Amino acid sequence: MGGRVTDLAGSHGGVAVGAELHCYCILDLPSIVAFTCSPIVKGKKNALESMNLRVEYLQELVTQFQNVPSEETKEKIALIWANFAYDPYNFTFLRQLNVIELFLDCISEPNEKLVEFGIGGICNACADPANVALVTQNDGILSSSSVCLLC
């Protein structure tokens with residue numbers, strides 16, 4: 001992807017003190033800084049703050065994806081979502097923000113990387129039966145035979 005990756009371990013970036021973060025940033029995205037964080041939190045308040053930050057971050061990615069004209073930026077965002085879809089902790093957030101539907105949109109794009117990352121995201125997210133149902137309800141299985149082959 002060409003992004004410069006930086007480990008921001010120890011940088012709390014708005015998360016309450018007491019949370020140990022290991023964040024990795026892709027620093028070359030225009031107008032957003034993409035990161036994935038694996039917070040190790042102590043206490044319900046810190047866990048809630050961490051969850052809220054994750055949802056806010058994913059929402060920002062959805063907004064960027066829908067509004068940015070750059071195909072390269074859309075590819076990077078779809079890749080980030082596909083990585084988030086690998087973690088069961090994120091399944092509810094991805095459904096809540098309609099990212100599963102955006103994966104389905106990606107697989108009908110002419111851009112091969114968006115198709116690839118959309119399929120990868122769907123495959124990762126389909127570890128959860130609720131996501132399988134959502135993909136099936138939205139005719140995701142029928143819209144691309146490659147999804148059936150890869151998942």
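Since the model is a prediction, treat every value here as computed from it, not as a measurement. These numbers come from the heavy atoms of this one structure, side chains and all, not from hydrogens, waters or symmetry mates.
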For residues 104-111, dump all side-chain donor-acceptor pairs below 3.5 Å to protein atoms at least two apart in sequence or in another chain.
from: Ser108; atom 1: OG; to: Asp105; atom 2: O; distance (Å): 2.9
from: Asn111; atom 1: OD1; to: Lys113; atom 2: N; distance (Å): 2.8
from: Asn111; atom 1: OD1; to: Leu114; atom 2: N; distance (Å): 3.1
from: Asn111; atom 1: ND2; to: Glu71; atom 2: OE1; distance (Å): 2.9
from: Asn111; atom 1: ND2; to: Glu75; atom 2: OE2; distance (Å): 2.8

Any side-chain heavy-atom pair of [X] and [Y] under 4.5 Å:
{"X": "Arg54", "Y": "Asp87", "answer": "yes"}
{"X": "Glu116", "Y": "Leu79", "answer": "no"}
{"X": "Trp81", "Y": "Phe65", "answer": "yes"}
{"X": "Leu102", "Y": "Val62", "answer": "yes"}
{"X": "Leu58", "Y": "Gln96", "answer": "no"}
{"X": "Lys76", "Y": "Phe117", "answer": "no"}

Between [atom1] of [X] and [atom2] of [Y], what distance do you get to the nearest 0.5 Å?
{"X": "Glu56", "Y": "Met51", "atom1": "CD", "atom2": "CE", "result": "10.5 Å"}
{"X": "Ile100", "Y": "Asn131", "atom1": "CD1", "atom2": "CG", "result": "4.0 Å"}
{"X": "Leu61", "Y": "Gln66", "atom1": "CG", "atom2": "CD", "result": "11.0 Å"}
{"X": "Phe91", "Y": "Tyr86", "atom1": "CZ", "atom2": "OH", "result": "10.0 Å"}
{"X": "Arg95", "Y": "Asn90", "atom1": "CZ", "atom2": "CG", "result": "11.0 Å"}
{"X": "Gln59", "Y": "Tyr57", "atom1": "CD", "atom2": "OH", "result": "13.0 Å"}

field: Qualifying residues under side chain to side chain contact (heavy atoms under 4.5 Å, CB included), relative to Ala85, sequence neighbours excluded
entry: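 Side chain to side chain contact (heavy atoms under 4.5 Å, CB included) list for Ala85, sorted by chain: Leu94, Phe103, Asn124, Ala125.
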Considering all heavy atoms of both residues, which atom of Asn138 and which atom of Leu134 are nearest to each other, and what is their separation?
->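 Residues Asn138 and Leu134, closest heavy atoms: ND2-O, 2.8 Å.
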Any idea which heavy atoms bring Val68 and Thr73 closest together, and the distance?
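Shortest heavy-atom separation between Val68 and Thr73 comes out as CG1-CG2, 4.0 Å.
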Spell out, yes or no, whether Val132 and Tyr89 are grouped together once hydrophobic residues are joined by side-chain heavy atoms under 4.5 Å, including indirect joins.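 No, no single cluster joins them.
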